[in-house]
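The structure appears below as structure tokens.
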Amino acid sequence: MNVLIVGTGYVGLVTGVCFASHGHEVLCVDADARKVRQLQAGHCPIYEDGLESLLREQLQAGRLRFAAQVPPTAAHEVALIAVGTPSGSDGTADLTNVFAVAKELGRKLQPRAVLATKSTVPVGTGDKLERMLVDMGRTDLHVASTPEFLREGTALKDTLYPTRLVFGIADVHSSEVLKRLHAGVEAPAVLCSRATAEMIKYASNAFLATKISFINEIANICARVDADVSQVAIGMGMDPRIGGSFLRAGLGYGGSCFPKDTRALVNIAGDVDYDFKLLKAVVEVNQLQRTAPLRQLTDWLGDLSGKHIAILGVAFKPGTDDTRESAALELARVLRDQGARLTLYDPVVRRCSSHSGSPISVLDDPYLAVLDADAAVVVTEWSEIVDLDWPLVRQRMRQPFLYDGRNVLAPYTMQSIGFTFANVGRRAMSAALQV
Ligand code: UGA
């Protein structure tokens with residue numbers, strides 16, 4: 001099939017590369033001409049395992065092309081909108097880009113083309129897009145919604161072998177086109193209305209975020225009653241009705257999706273006079289959780305002014321160089337406000353910006369980052385951090401304070417090395433009992 005994808009962020013780029021690998025002719029469009037040139041030369045602008053080699057393979061095979069503009073007459077059977085939907089200041093999703101792209105496609109697509117949203121868009125957006133196209137006189141186009149469930153870090157695997165496909169449609173033609181587009185993908189499909197498809201995406205992310213905030217609150221109670229949250233999660237997860245995934249306690253969820261989508265769903269509910277109390281609490285718990293180390297560091301070090309604190313891990317999770325809504329940046333902000341001196345280490349991220357927009361440099365040598373530090377905080381559970389030579393880390397630090405914000409270090413071992421150690425709801429236990 002001839003496929004047009006607008007937007008080459010995580011979702012658009014990965015989707016384009018994967019559809020090309022299924023044998024479709026794919027044109028990916030992005031307004032950023034510099035990025036387009038980079039992609040045309042086979043360079044991937046994001047860090048994602050396996051993506052650059054598959055991108056180059058598909059470029060060489062001639063199935064994948066990049067352009068800075070939608071061609072004047074786009075003879076594509078299907079066009080996917082994968083542009084960003086950032087959070088506005090009030091938490092609502094900003095759809096400016098989505099509507100601008102749809103308008104352009106409305107001028108350029110051939111009759112019977114299917115125009116589908118891949119970006120996460122508020123419930124009702126598909127209907128609004130259709131009304132806009134009808135107002136433009138395009139009653140011959142078909143609007144659909146086919147949300148994406150890929151995770152950064154495992155994006156290729158999630159797209160090539162998804163757990164499910166969701167086709168939100170208003171007519172049979174759209175369903176046939178979307179089925180043909182996904183012919184190479186083996187996964188159960190949910191055929192539903194556009195509004196239902198849009199809600200499936202938000203409800204999925206909101207539920208996963210709820211699991212995380214739930215286990216983080218359990219962790220905070222565990223810390224007070226001398227229980228171990230990691231074992232609680234294992235015990236809970238053995239019940240198939242609960243499931244063990246997304247029960248890792250830590251410094252909360254970050255990234256470009258959960259924070260934005262939870263806030264947006266609270267607003268979607270508010271717009272129809274529904275007070276989504278549970279999700280509001282999930283968002284609040286997450287906000288508090290991200291700065292949880294602050295109290296412990298103050299207990300250990302007193303006034304943090306002038307104290308040197310090493311932040312280990314800057315990406316919002318391992319396997320990506322994405323720092324959007326990363327716990328590390330939020331923690332850095334509050335520590336800076338207290339006057340602390342910070343050094344940051346990450347195996348992949350080299351540079352990021354603070355909340356105020358000023359650039360922060362990130363060291364690529366963890367042993368340099370902890371040199372003469374008064375305390376260190378593990379924020380991202382990269383294997384490069386988990387597998388550090390911890391006795392050497394201890395030697396290099398001025399004081400022995402270590403906070404494990406992702407519960408990835410064995411408490412007993414760390415204490416044996418000589419650290420004064422804290423984590424998110426796991427107690428120290430004898431080596432024999434340690435899991
Ligand atoms: C998430 C969803 O998992 C994808 O299904 C969805 O397609 C994507 O958002 C999206 O809407 O585009 P992603 O943001 O890449 O994917 O990352 P996740 O692996 O879901 O992790 C999100 C955050 O939750 C990370 O900060 C991670 O550290 C945190 N997390 C995850 C926990 O704190 N505990 C857990 O048990 C799991």
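For ligands, and for the atoms within them, numbers begin at 1 and follow the listed sequence. Start at 1 with the first residue, then count along the sequence.
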Crowded around Gln40 CD? As in, over 12 foreign heavy atoms under 6.0 Å? yes
What is the minimum heavy-atom distance between Phe167 and Leu178, and which atoms define it? CZ-O, 3.8 Å
I'd like to know if Glu325 pairs up with Lys260 as an ion pair, taking the criterion as any Lys NZ or Arg NE/NH1/NH2 lying under 4.0 Å from an Asp or Glu carboxylate oxygen. no
Can you tell whether the side chains of Lys35 and Asp30 come within less than 4.0 Å, N to carboxylate O? yes
Between Thr291 (side chain only) and Glu330 (backbone N and O only), is there a donor and an acceptor less than 3.5 Å apart? no
Does the pair Arg333/Asp337 count as a salt bridge with the N-to-O cut at 4.0 Å? yes
4.0 Å heavy-atom contact, Cys257 with ligand 1: yes
Out of Arg248, Arg324, Gln289, whose heavy atom sits nearest atom 34 (N) of ligand 1? Arg248
Using distance alone, determine whether Leu208 and ligand 1 share an N or O pair under 3.5 Å. no
Looking only at heavy atoms, is any part of Arg406 under 4.0 Å from ligand 1, and if so is it the side chain, the backbone, or both, or is it neither? side chain
The option among Asn205, Leu150, Ile212, Thr159 carrying the non-hydrogen atom nearest to atom 32 (C) of ligand 1 is Ile212
Heavy-atom proximity to atom 2 (C) of ligand 1, picking from Phe258, Tyr253, Phe149, points to Phe258
Please work out which of Lys317, Glu381, Arg290 has its closest non-hydrogen atom nearest to atom 17 (O) of ligand 1. Lys317
Is there a polar contact, in the sense of an N or O pair closer than 3.5 Å, between Leu247 and ligand 1? yes
Verify the neighbour count for atom NZ of Lys128: are there more than 12 heavy atoms of other residues, nucleotides or ligands below 6.0 Å? no
shortest atom 15 (O) of ligand 1-to-protein heavy-atom contact is with Glu152 N, 2.7 Å
Salt-bridge test for Glu176 and Lys179: reply yes if a basic N is under 4.0 Å from a carboxylate O, no otherwise. no
Residue, atom and distance of the protein heavy atom nearest atom 3 (O) of ligand 1 read Arg151 CG, 3.3 Å
Heavy atoms only: which of Ser245, Gly254, Gly405, Pro259 is nearest to atom 26 (O) of ligand 1? Gly254
Side chain, backbone, both or neither: the part of Lys201 lying under 4.0 Å from ligand 1 by heavy atom: side chain
Report yes if Phe316 has an N/O atom closer than 3.5 Å to an N/O atom of ligand 1; otherwise report no. yes
Expected output: side-chain Tyr367 to main-chain Asp389 donor-acceptor under 3.5 Å: yes
